[in-house]
Amino acid sequence: MTELESRFNFKEIDEKWGKYWESDGVFRAKVNPDKKSFTIVIPPPNVTGILHMGHALNNTLQDILIRYKRMTGFETLWMPGTDHAGIATQNVVEKQLAKEGKTRQDIGREQFTELLWSWKNKYGDTIIHQLKKLGSSCDWDRTRFTMDDEYSLAVKEVFIRLYHKGLIYRGEYIINWCPRCHTALSDEEAEHKDTAGKLYHIKYPIKGETGFVVVATTRPETMLGDTAVAVNPEDQRYASLRGKILMLPLVNREIPIIEDAFVDPAFGTGAVKVTPAHDPNDFHMGRRHNLRFINILYPDGKINRNGGQFHNMDRFVARKAVVEELDKLGLLVKIDEHSHAVGHCYRCNTVVEPYLSKQWFVKMAPLAQPAVKAVEEGRIKFYPDRWTKVYMNWMENIRDWCISRQIWWGHRIPVWYCQNCPEDKNMIVTSDAPAVCPHCGSKDLKQDEDVLDTWFSSWLWPFATLNWPKASKDLKYFYPGSALFTASEIIFFWVARMIMAGIEFMGDIPFSEVYIHGTVRDALGRKMSKSLGNAIDPLEIINEYGADALRFSLIINSGQDLYISKEKFEIGRNFANKIWNASRLILMNAKTIDPQFDLSKADLDLASQWIVSRMFTTVKRVGDCIDNYRYSEAESLINEFFWSQFCDWYLEIIKDQWDNPVIQNTALKILENSLKIIHPFMPFVTQELWAHIHPEQKDLGLQNWPKVQERLIQTEIENKMALIIELVTSIRNTRAEWNVKPAQKLDCVFVSDKPTIKSSLKETENAVVKRLAGLKSIEIRDDFPAQKNMASGVIADIKFYLSLEGAIDMEAEKRRILSQIEEQTRLMDGLNKRLSNEAFISKAKPEVVANDRQRLVELGEKIKKLKQIIADLE
RNA sequence: GGGCGCAUAGCUCAGUUGGUUAGAGCGCAGCGUUCACAUCGCUGAGGUCGAAGGUUCGAGCCCUUCUGUGCCCACCA
């Protein structure tokens, strides 16, 4: 065994093991009929992404579970990969192009796509490299990309299957249009944000009369596309207007007054302008009433020729201009402040427009139904449970999914149009480009220009990564997966859709447990973001504190959103350091190592039995915690065991017993098992130490989780030790109160008339208590009165006296004891009161009552002893 | 407009079927270093568990209302 450096040099060690894990395929997953499989698919980060704290948290959680499962005997697959992130990636490359003063249209589709690929090949794996720095134990050989050739086959296959099933259709509908990205978005991709806007009240003159109808709108420029005004049929105020025609100002179009129950008489004026091409509600009204659909916008958000004098103005410029013009004409009644939710593009934050266009949609209701059932029946569980409701609510109100995007980066829609055939019969839906039209034989075919929504490929991730639709042993063995880890924002985009796709195409759910973790925020509770400049870079933390510190600190409070500042990572750094140094101590002293050493057969002293008992208790509870996604609790248990018990007590106790081989072997055994249970949380430091101890069996992550030996979990031993700890602590406390210097050793007398206590004291007298409490001598007596110049205390059935010679003020010492009596009496009074309550005795659980009675006796004893001390001193 | 969280020590948070004297880390105070670790050790101070009601022998935990705060969903123009 080589000696350890005096400091934990995480930089070197992180790099060493990071490289090793990556290159040696340690975490390669293979079909193994002798083991159960345990699969996690990574939420594929965008190729544009760089590692942020959210990723760090997400991947640490996955790594903890996968490493734990690997050590507990599962064949684990953690499938890594990246997502092509259509709009986001295209935006990045377009921006780059813009620096050269070019647009994608300038260079054309083919060249632009090439540019995207070369960008992806150059930068797309950045985040994968960063994930490796975290210690993520993925099977890196399997790394997939949502636009790999094989993956693309799956995407096409799914489109074609759904099309033939009648679940994919094409049609002209109102969708969310991002004028900056020039594409349609799904409903989920339009983020509604509360915005302080204005409600404009405008007069529409009645044709041939002098009167007006006043309508209210938040988007006055859309009036250019109005083709009706609607009122509620029940609304008496407008009854006289039935059948009349209005003159739409500015464009002088004649538009009818229609009646529709949708209109809420209580809102605004009770009269609604109807713009069927630019509002979802108006769209439906337009259909119901056979209105004209007039599109007034170019795809870039400028007013088109239908806008007359406003042609070529940006929509927001036009808004102002329209209002000014109306005001000039005396048609503007008033402008109210009005707060409402406005949709924004989730990729570029531009205000989206409801826009009429021809798009592809997936009919979702039939897919949703079995996915709802799977959760209802508990085959899929959410952690924490409250997300179940969120999922259900969305699924039960699911709307059709707009899947076509007017961008160039993505899976091209596998549809060709015959230029010869009539419009409703010209569609050829097929995986590969057809040579001729199957209907007319024409070679004049054109592929659909659009690509598919990125999520239309991501929703296949759990099986497309295993090369579906090809059948394989891998697919059969590793699907369905076990757990999925993600943030709540992704439930609709991805989790729900994966469940639907899994059931539809694999006939089985893709995973059985979904763990929703919190959002990482800064110390003020703000979401970390580049633009706010409040982001803490995980790589910087890895560099300054180490990957283990990053992981451990992120997990320590992971129940909900976590607020972090840089100092927080000291928690993990300090713990890693503690592990390192405790190991150093043990490895320096454990020289007589017996490979056959067996804790259950060795003859152990009290302290050793105690730490063994504590260890197995901890192993058991940590395993339970991980199985139940209670990672922060697992870390607390580990911290408590390793630091507060193993280091602070056991290693201190055995400090003068290193010449005893049993002690050496015990300490080493405890260390080894500790390294194992800490490993999922802090893989680097534990791996490094393990390799020092066992150079021959290098990979700690491939070792077995410690087997709990129930027989060695002993409550009596733990109680005995607890008494000694209490005794030592109490003596230390008394010393501190009297300002006794640590170097000064005291004579001590223990007094107890209980033989059991006395025997337990004897066992530990010479070594433990004496050294840890800083005593010169210990005398055990059946009886001994309190003395002047001695400080006293009572622990359980034991009175102790510390000889302080002249350094003690007896009046102050009496006051100290009296205040203890007071405190104990207060507790006893409370207990007495409860125990004299009839209702408590008869209704409380018997063990609770018994426990209280026992405590009452103990308190009485203690008070008696304290009083005796006072009496002695009088 | 609906729904879901959160509120416990100066700070960040635990507290799993209601049951001893509500815990941890950081911070703070005192003491301590030729000892594996000052990224450390020992000792300590610090909380009427957001408010008010209620259920119960017993409430930080269950119920109701309120206040503050955060998030999600939603086609009132």
Side-chain angles (χ1 to χ4, degrees), chain A residues 4 6-8 174 192 199 215-219 222 230 262-264 266-275 279-284 338 340-341 354 384 386-387 389-390 393-394 397 488-489 491-492 518-519 521 523 525 527 545 549 556-557 559-565 567-568 570-589 628 630 632-633 636 639-640 644 647-648 651-652 655 728-729 732-737 739-743 772 774 823-824 826-827 830-831 834 837-845 847-849 851-852 854-855 859:
Chain A
L4 295 177
S6 67
R7 306 217 85 178
F8 170 40
I174 292 268
H192 290 272
L199 190 60
V215 297
T217 179
T218 52
R219 294 181 295 150
T222 61
F262 165 79
V263 180
D264 175 5
F267 187 89
T269 61
V272 189
K273 61 189 271 310
V274 183
T275 322
D279 183 278
N281 299 315
D282 297 3
F283 172 78
H284 293 297
H338 183 66
H340 60 144
R386 63 188 136 93
W387 297 107
K389 216 172 147 182
V390 175
N393 191 40
W394 187 75
N397 298 296
S488 60
E489 302 97 271
I491 294 176
F492 307 143
T519 304
R521 299 172 181 281
K527 215 164 169 171
Y545 298 83
I556 197 74
N557 285 323
Q560 46 221 6
D561 286 1
L562 49 176
Y563 295 44
I564 56 168
S565 56
E567 298 78 58
K568 181 149 185 181
E570 289 172 9
I571 300 172
R573 181 199 60 184
N574 294 356
F575 188 50
N577 185 253
K578 193 71 186 178
I579 297 168
W580 182 263
N581 276 293
S583 306
R584 235 183 117 211
L585 171 70
I586 294 164
L587 297 181
M588 274 189 312
N589 289 291
N628 292 293
R630 306 169 68 91
S632 59
E633 192 181 334
S636 301
N639 192 75
E640 162 76 9
S644 308
C647 292
D648 289 351
L651 293 181
E652 291 302 323
K655 224 158 205 178
V728 170
T729 305
R732 283 171 173 171
N733 174 349
T734 308
R735 293 174 59 112
E737 293 206 24
N739 290 317
V740 179
K741 297 281 164 194
L772 297 187
E823 198 192 328
Q824 303 296 313
R826 198 173 45 78
L827 293 176
L831 263 183
R834 190 168 348 157
N837 181 345
E838 274 303 319
F840 174 65
I841 304 291
S842 59
K843 290 184 182 171
K845 279 183 239 151
E847 61 265 32
V848 172
V849 178
N851 201 340
D852 276 3
Q854 173 66 22
R855 269 193 64 228
L859 273 175

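Letters go in sequence order (proteins before strands), and every chain restarts at 1.
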Among the nucleotides [options], which one has an atom lying closest to any side-chain atom of [X]?
{"X": "Lys655(A)", "options": "C13(B), G19(B), C35(B)", "value": "C35(B)"}
{"X": "Ala582(A)", "options": "A36(B), U21(B), A77(B)", "value": "A36(B)"}
{"X": "Leu651(A)", "options": "G25(B), A36(B), G19(B)", "value": "A36(B)"}

In whole Å, what is the span from the [atom1] atom of [X] to the [atom2] atom of [N]?
{"X": "Ile841(A)", "N": "G58(B)", "atom1": "CD1", "atom2": "P", "answer": "14 Å"}
{"X": "Arg584(A)", "N": "A36(B)", "atom1": "CZ", "atom2": "P", "answer": "8 Å"}
{"X": "Glu847(A)", "N": "G58(B)", "atom1": "CD", "atom2": "C1'", "answer": "15 Å"}
{"X": "Arg573(A)", "N": "A38(B)", "atom1": "CZ", "atom2": "P", "answer": "12 Å"}
{"X": "Glu823(A)", "N": "A45(B)", "atom1": "CD", "atom2": "C1'", "answer": "14 Å"}

Would you say the side-chain atoms of Asp279(A) pair up with the backbone N or O of Asn281(A), donor to acceptor, closer than 3.5 Å?
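Side chain of Asp279(A) to backbone of Asn281(A), a donor-acceptor pair under 3.5 Å: yes, one is there.
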
Given Watson-Crick and G-U pairs under 3.5 Å, RNA chain B in dot-bracket ([ ] crossing, | other strand) is (((((((..((((.....[...)))).(((((.......))))).....(((((..]....))))))))))))....

Give a yes/no on whether any side-chain N or O of [X] is located under 4.0 angstrom from OP1 or OP2 of [N].
{"X": "His340(A)", "N": "A74(B)", "value": "no"}
{"X": "Lys273(A)", "N": "A77(B)", "value": "no"}
{"X": "Lys578(A)", "N": "G41(B)", "value": "yes"}
{"X": "Lys741(A)", "N": "G32(B)", "value": "yes"}
{"X": "Arg732(A)", "N": "U43(B)", "value": "yes"}
{"X": "Asn574(A)", "N": "C37(B)", "value": "no"}

Go through the N and O atoms of the side chain of Arg630(A) and the base of U16(B), and report whether any donor-acceptor pair is under 3.5 Å.
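Looking at the base of U16(B), it does pair with a donor or acceptor on the side chain of Arg630(A) (distance under 3.5 Å).
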
No-H, no-angle donor-acceptor pair, Glu640(A) side chain to A14(B) base, under 3.5 Å
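Per atom types, no contact qualifies.
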
Please measure how far the [atom1] atom in [N] lies from the corresponding atom in [M], and state the result in whole Å.
{"N": "G32(B)", "M": "G50(B)", "atom1": "C1'", "result": "41 Å"}
{"N": "U8(B)", "M": "G60(B)", "atom1": "P", "result": "15 Å"}
{"N": "U55(B)", "M": "U64(B)", "atom1": "C1'", "result": "11 Å"}

Side chain to side chain donor-acceptor pair (under 3.5 Å) partners for Lys273(A), two or more places apart:
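Side chain to side chain donor-acceptor pair (under 3.5 Å) check on Lys273(A) returns Thr222(A), Asp226(A), Thr275(A).
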
My understanding is that only residues two or more places apart in sequence, or in another chain, count here; which of them pass side chain to side chain donor-acceptor pair (under 3.5 Å) with Asn574(A)?
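With neighbours one apart ignored, the set is empty.
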
Contact class for Glu652(A) (heavy atom, under 4.0 Å): base, sugar-phosphate, or nothing?
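Answer is base: heavy atoms of Glu652(A) come under 4.0 Å of a base.
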
